[in-house]
Amino acid sequence: MGLSQEITQVFSRYKGRAAVSHYVPPNSSITLTYGQLEERVRELAQYLSKQGMQPCDLVMCYMTKSVDLVVSILAIVLNGGTCCCFYSKQNPQYALKLFSMANPRFILLEENTLRSVKRQMERVEPTHLFPPCERYPEAGGTGGSIQSHNRAIYVFKYPSAKSDGGGGFQEVDSSSEKALWCLFTSGSTGSPKGVLISGEDLLRRAVTEIEDYELTDQDSLLSLLPFSFDVGLNQLLSCFLSGAHLVILNSWFPRDILTAVRSQNINGISGVPSIWTEALAYPKGPDFEQNTQALRYITVSGGDLSKNQLLQLRQYFRNVKIFKTYGQTETFRSSMLKPFDFERKMTSVGRPLKGTEVFVLNDKGEIAPPDTEGEIVHYGVGTMLGYLNDLEGTSEKLRKMKEPGSKAMKEGKWVFTGDRGRMDEEGYLYVLGREDGMIKTLGHRVYPKEIESCILEHEHVKNAAVVGIKDERKGQVIIAEVVSNGALNKQSLIVYLKERLPYYMVPGEINVVEYLPMTESGKIKYTTIKERYEERRFL
Amino acid sequence: MELHDIKEILRKIIGDIIASNGEPDEKPIEFGDDDSLIDGGYIESLGAVALIEECIRKFDIVIFPAELSLENFDTVNRMCQFIQSKLMENQQWA
């Protein structure tokens with residue numbers, strides 16, 4: 001059974017139950033039941049079909065995270081289209097770039113993004129002005145249940161450059177699985193790439209998450225992450241497939257998160273490191289345990305915290321299960337550290353997920369012996385179909401390979417993650433860093449993460465990023481940007497690091513900054529930091 | 001400081017933060033005093049950090065973590081109210 005049939009079944013099974021809420025603290029929220037959600041989804045799906053949407057068409061959503069976005073996503077899925085949404089920070093130029101890369105049949109917009117795209121299109125391509133943009137639902141057709149939420153979805157037929165009517169995109173390979181989703185990688189590593197995912201795989205991912213987090217139709221999950229980010233998307237899908245209630249909150253302020261947990265009886269939160277770093281700096285009130293008593297689990301995904309921060313997090317959420325997950329957009333989730341392993345193995349990212357095989361390969365392409373370093377490769381659930389319109393990039397990232405340790409060629413492909421790591425004797429994976437982020441200095445190979453985690457142990461440091469910048473003398477010079485949580489003295493930090501790190505790992509330059517450049521999913525934008533220093537060097 | 005002056009400074013700060021997401025020659029993005037800036041996606045969750053830092057610096061006020069919320073920061077008008085009350089606190093202590 002496909003994803004759309006599964007969703008249809010959930011709609012009818014849970015008709016009267018809350019499906020999705022948009023919560024704006026302290027006390028405003030709108031909620032749709034599964035019945036109401038289905039009604040709106042079907043309305044939009046029919047409308048799109050009437051406008052000429054075909055199964056397999058690529059449809060993009062350029063919208064903020066809202067109930068409307070959920071409706072749009074599900075309508076596209078129901079019509080058998082390929083869905084691609086991205087976060088609506090007001091950056092129309094980036095939006096236009098994605099549009100021309102993906103060449104969608106339709107773009108769904110909301111008032112704000114419509115306005116900004118319109119402005120940009122006028123300037124960039126005067127001939128296109130803004131084509132007939134039709135309001136949804138048509139005048140007078142607004143459903144009673146959603147009137148409080150008076151935003152409209154705008155359906156924009158994208159003026160495709162292709163002469164064949166367009167709206168299509170290059171098939172990735174001859175495999176029978178078709179792409180149901182396109183996620184744009186966050187750009188923390190340069191220019192965006194469209195990662196294509198099959199409906200079958202989305203379903204497998206959701207089923208795995210339901211098992212791991214033990215989701216049931218009694219749960220309410222807090223949605224803090226964008227749906228354009230694989231972790232946020234999978235939370236949405238696994239929530240709906242288990243008949244649970246998704247509560248959208250567009251704020252990462254700890255007070256707002258805690259208010260939501262208390263007032264909406266939240267049972268689970270999927271989070272990224274920056275959310276938890278902020279939370280740790282927030283004083284717990286006397287009623288904290290009582291206010292968070294419904295909370296069963298939280299996740300640290302899309303990056304890691306230092307050991308010190310993990311210990312603090314354990315203390316902060318004393319009665320809550322903590323899951324750590326590791327993966328990248330191309331693999332979704334390779335491994336997971338489960339709560340029962342947390343105390344013992346917290347600096348690892350756990351063991352390969354059910355349905356996946358993960359190996360660390362040395363430079364000869366053999367399995368690296370325990371505790372030795374190599375590239376992490378991934379097989380199984382979570383593997384992308386390929387990159388959108390990029391066969392070359394796809395064949396570099398996805399390769400056929402024999403099962404390590406055997407002679408048999410494996411069906412399907414392996415993802416070469418470009419992440420360096422090691423596996424211990426018990427099969428727990430440790431991630432060292434990106435292959436291309438590795439710093440070569442004074443003849444040594446250093447990963448930014450090793451230095452960052454040492455800096456983060458310092459009591460006056462809230463966040464840190466380390467980059468390597470070309471240097472004639474040293475190969476690369478190490479520069480650290482540090483966010484202080486109060487009274488950080490740069491000199492004392494240098495002394496602190498000198499006591500704890502080998503000489504070649506001590507940054508040559510430390511700058512205290514107010515905040516680090518981040519992607520919308522909370523990852524540090526290393527390229528931005530690097531550019532800053534590289535430019536300076538050539539001045 | 002009058003509410004009017006606070007608003008003017010705030011609108012400048014917010015304008016700068018929103019513009020820094022785009023290209024330099026981009027036309028300024030319009031926003032109303034009651035538009036939901038964070039929940040409505042004008043400012044991403046992490047951009048809010050920059051906003052707070054600027055407020056602390058420009059108005060010379062102390063903001064406690066417990067005061068950081070959509071309730072105080074989601075719209076220009078709410079921010080104005082909050083900052084005015086902070087400035088009044090400062091005066092009382094001076």
Side-chain angles (χ1 to χ4, degrees), chain A residues 22-28 62-66 69 87-95 110-113 115-116 119-120 122-123 151 224-226 248-260 272 274-275 278-279 281-283 285 463 483 514-523, chain B residues 11 13-79 81-82:
Chain A
H22 184 162
Y23 177 63
V24 185
N27 45 26
S28 124
Y62 178 23
M63 294 161 92
T64 43
K65 205 161 59 138
S66 61
L69 178 55
Y87 192 55
S88 142
K89 76 175 170 189
Q90 296 287 319
N91 189 344
Q93 298 233 334
Y94 180 71
E110 63 196 6
E111 196 117 22
N112 280 344
T113 53
R115 228 187 304 151
S116 63
R119 231 183 18 236
Q120 213 62 18
E122 274 168 5
R123 210 193 61 184
R151 285 202 282 209
L224 297 174
L225 306 172
I248 294 171
L249 172 67
N250 290 331
S251 162
W252 289 6
F253 291 133
R255 176 173 140 192
D256 289 339
I257 295 175
L258 286 174
T259 312
V272 291
S274 26
I275 291 176
E278 293 297 324
Y282 187 80
N463 210 347
V483 182
E514 267 160 16
Y515 45 89
L516 298 170
M518 298 266 191
T519 68
E520 49 274 19
S521 52
K523 284 182 189 143
Chain B
R11 292 193 61 94
I13 296 176
I14 296 161
D16 286 348
I17 289 173
I18 295 177
S20 70
N21 282 331
E23 301 294 311
D25 56 343
E26 214 173 280
K27 287 184 210 166
I29 288 160
E30 299 144 32
F31 54 93
D33 290 344
D34 283 312
D35 276 347
S36 185
L37 298 173
I38 299 171
D39 183 55
Y42 284 89
I43 301 174
E44 42 180 326
S45 311
L46 281 157
V49 180
L51 172 67
I52 309 296
E53 296 288 350
E54 276 304 300
C55 287
I56 292 174
R57 202 185 359 234
K58 284 262 163 58
F59 296 104
D60 194 22
I61 48 173
V62 177
I63 301 176
F64 297 103
E67 292 166 334
L68 297 178
S69 66
L70 291 184
E71 196 180 354
N72 290 336
F73 285 92
D74 203 26
T75 69
V76 173
N77 280 337
R78 286 191 209 170
M79 272 185 254
Q81 297 246 318
F82 174 73

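Numbered from 1 within each chain, the chains take letters A, B, ... in sequence-line order.
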If you count heavy atoms of other groups shown closer than 6.0 angstrom to CD of Glu53(B), is the number above 12?
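Yes, enclosed.
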At what distance, to the nearest 0.5 angstrom, does [atom1] of [X] lie from [atom2] of [Y]?
| X | Y | atom1 | atom2 | result |
| --- | --- | --- | --- | --- |
| Ile38(B) | Thr64(A) | CD1 | OG1 | 13.0 Å |
| Leu249(A) | Leu70(B) | CG | CG | 6.5 Å |
| Tyr515(A) | Leu51(B) | OH | CG | 10.0 Å |
| Phe253(A) | Asp74(B) | CZ | CG | 9.0 Å |

Between Ala281(A) and Pro65(B), which heavy-atom pair has the shortest distance, and what is it?
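Between these two residues, the closest heavy atoms are O-CG, 4.2 Å.
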Which heavy atom of Asp256(A) sits nearest to which heavy atom of Ser69(B), and what is that distance?
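Looking at all heavy atoms of both residues, the shortest contact is OD1-CB, 3.1 Å.
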Do Asn72(B) and Arg255(A) come within less than 4.5 Å of each other through their side chains, counting heavy atoms only?
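The answer is yes; the side chains approach within 4.5 Å.
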Please flag which part of Pro283(A) lies under 4.5 Å from any non-hydrogen atom of chain B: side chain, backbone, both or neither.
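Only the side chain of Pro283(A) comes within 4.5 Å of chain B.
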